[in-house]
Asker: 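Have a look at the structure that comes next, please.
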Amino acid sequence: MTGRKKSEASPLLRRLLGGAAAQLQEVLLGTKLYPLFSAVPLAVAGESLRLGRVWVFAFSMIGLAPLAERVSFLSEHIANTAGPTAGGIMNATCGNVPELIIALFALHKNKMEILKWSLLGSILSNLLLVLGSSLLFGGIVNIGKERPLDKRQADVSIGLLLLGVLCHIATLVSKYTSSTGDSISSSSAMQLSRSCAIVMLIAYFGSLLFQLKTHRQIFELEEDSSDSSSSEDDATDKSVIGFASAVVWLIGMAAVTAMLSSYVVTTIEEASESMGIPVRFISIILLPIVGNAAEHAGAIIFAFKNKIVPVILIVSWVNAIHMDLDFNLLETGSLAMAVITTAFTLQDDKWHYLKGLNLVFSYIVIAVCFFVMKALPSD
């Protein structure tokens with residue numbers, strides 16, 4: 001009897017070990033960025049051994065790139081398994097996990113400028129670099145042709161972005177109302193910012209209802225919808241990761257992302273001083289590129305993510321931390337021009353490579369501007 005139990009347990013153990021190995025293969029080696037995972041233990045070792053802060057910062061930045069890509073992969077896998085409605089909410093919630101974690105750690109460390117710069121950089125990166133590179137390379141592949149664009153989808157996103165810009169401009173302008181005879185206290189500016197955050201959150205959930213329920217047909221692919229859905233089902237069936245396993249992996253990846261994000265936030269100023277690169281440039285340009293590795297690699301056309309700013313402001317409100325929507329003049333101006341440029345780019349129902357080139361060049365101009373103007377975070 002004992003020998004029979006051992007013989008029955010042995011195949012079960014082999015299946016469990018085989019399943020675990022297959023999941024490791026798919027999750028860790030299923031991305032072309034998998035060599036960058038080696039930077040994760042190097043960052044941990046550098047922090048534990050108190051090595052140079054520049055090395056800890058560099059290894060943490062490198063390690064965040066594959067982690068961000070895998071978080072996106074796992075959230076999409078869960079979304080495909082959970083169904084279209086729950087999947088859409090899952091994608092909307094988990095799509096900003098790396099940026100959200102970095103922002104929360106910056107908030108915890110009371111580094112307000114770094115927090116605001118990283119949030120702004122995430123929006124600029126998605127609007128100009130991701131969208132621009134998508135249109136540019138897609139247009140080069142289809143050189144000499146104008147490709148169709150669903151203007152209705154773009155209008156929804158642009159409308160939400162313009163609402164966000166209005167909230168930022170209103171808070172910024174409130175600083176200068178004293179010269180016009182009006183008086184506004186710091187507490188009034190904070191109340192204005194918090195009210196705008198609540199409005200933006202309500203608008204965001206309204207957009208989810210619009211996209212996933214009331215006007216869902218606008219956002220569904222009209223051509224080859226059956227083929228695409230069947231291919232997604234096949235991909236889900238072939239995957240060795242189930243729903244529960246994907247959730248566990250996602251939590252684990254988020255925990256490692258949180259650890260590296262903490263390293264980045266605590267070492268960014270020392271790394272900036274050692275490398276001679278402005279903190280504002282690192283926060284606005286480099287951090288979002290790392291956090292959006294999946295979007296850049298996949299060239300997602302509509303990657304509008306102006307969702308985490310009101311969330312962070314509400315969190316700071318709950319924790320009695322004074323954070324407002326005043327991102328200063330240059331930052332707010334860059335945000336406004338980025339949204340306006342994107343709106344004009346998507347104003348008709350066609351796209352080509354020149355539109356993408358203009359967006360990428362706009363991003364380069366903003367990047368050079370923040371690199372040249374070496375603003376330092378205040379204490």
Asker: Are there over 12 heavy-atom neighbours, none belonging to Glu273, within less than 6.0 Å of that residue's CD?
Answerer: no
Asker: What residue among Leu42, Val54, Val40 forms side-chain contact (heavy atoms from CB on, under 4.5 Å) with Phe59?
Answerer: Leu42
Asker: Considering non-hydrogen atoms only, spot the tightest contact between Tyr353 and Ile140 and give its length.
Answerer: CB-N, 3.9 Å
Asker: Is there a donor-acceptor pair closer than 3.5 Å between any side-chain N or O of Arg70 and the backbone N or O of Val27?
Answerer: yes
Asker: Find out whether Phe205 and Leu209 are in side-chain contact, i.e. whether some heavy atom of one side chain is under 4.5 Å from a heavy atom of the other.
Answerer: no
Asker: When you compare the side chain of Thr267 with that of Ser60, does any pair of heavy atoms fall below 4.5 Å?
Answerer: no
Asker: For a 4.5 angstrom cut-off between non-hydrogen side-chain atoms, does Cys369 reach Val365?
Answerer: no
Asker: Quick one, Leu260 and Met61 - any side-chain contact, counting heavy atoms below 4.5 Å?
Answerer: no
Asker: Quick one, Leu127 and Leu161 - any side-chain contact, counting heavy atoms below 4.5 Å?
Answerer: yes
Asker: Please find the pair of heavy atoms, one from Tyr363 and one from Leu128, that lie closest to each other, and give the distance.
Answerer: CB-CB, 3.7 Å
Asker: Taking distance alone, no hydrogens or angles, what donor-acceptor pairs closer than 3.5 Å link side-chain atoms of residues 45-52 to residues at least two apart or in another chain?
Answerer:
{"residue": "Glu47", "atom": "OE1", "partner": "Arg53", "partner atom": "NH1", "Å": "3.2"}
{"residue": "Glu47", "atom": "OE1", "partner": "Arg53", "partner atom": "NH2", "Å": "3.4"}
{"residue": "Ser48", "atom": "OG", "partner": "Val44", "partner atom": "O", "Å": "2.9"}

Asker: Look at the side chain of Ser274 and the backbone N and O of Ala271, then say whether any donor-acceptor pair between them is shorter than 3.5 Å.
Answerer: no
Asker: Does any pair with a residue in residues 260-283 pass ring pair (Phe, Tyr, Trp, His ring centres under 6.0 Å), and if so which ones, sequence neighbours excluded?
Answerer: Phe281-Phe371
Asker: Is there side-chain contact between His168 and Glu331, with heavy atoms separated by less than 4.5 Å?
Answerer: no
Asker: With the 4.5 Å side-chain cut-off for hydrophobic clustering, are Ile282 and Leu330 part of the same group?
Answerer: yes
Asker: Are any of the side-chain heavy atoms of Ile198 and Met200 separated by less than 4.5 Å?
Answerer: no
Asker: Between Ser272 and Ile277, is there a donor-acceptor pair closer than 3.5 Å when you use the side chain of the first and the backbone of the second?
Answerer: yes
Asker: Are Leu335 and Phe327 close enough that some pair of their side-chain heavy atoms sits under 4.5 Å apart?
Answerer: no
Asker: Can you tell me if Ser125 uses its side chain to pair, donor with acceptor, with the backbone of Ser122 under 3.5 Å?
Answerer: no
Asker: In a check of side-chain contact (heavy atoms from CB on, under 4.5 Å) between Thr345 and each of Leu131, Asn358, Ile158, Leu135, which one passes?
Answerer: Leu135
Asker: May I ask you to decide whether Glu69 forms a salt bridge with Lys32, counting only side-chain N to carboxylate O separations under 4.0 Å?
Answerer: no
Asker: Can you name the residues that form a ring-ring contact (aromatic ring centres under 6.0 Å, His included) with Trp249, not counting sequence neighbours?
Answerer: none
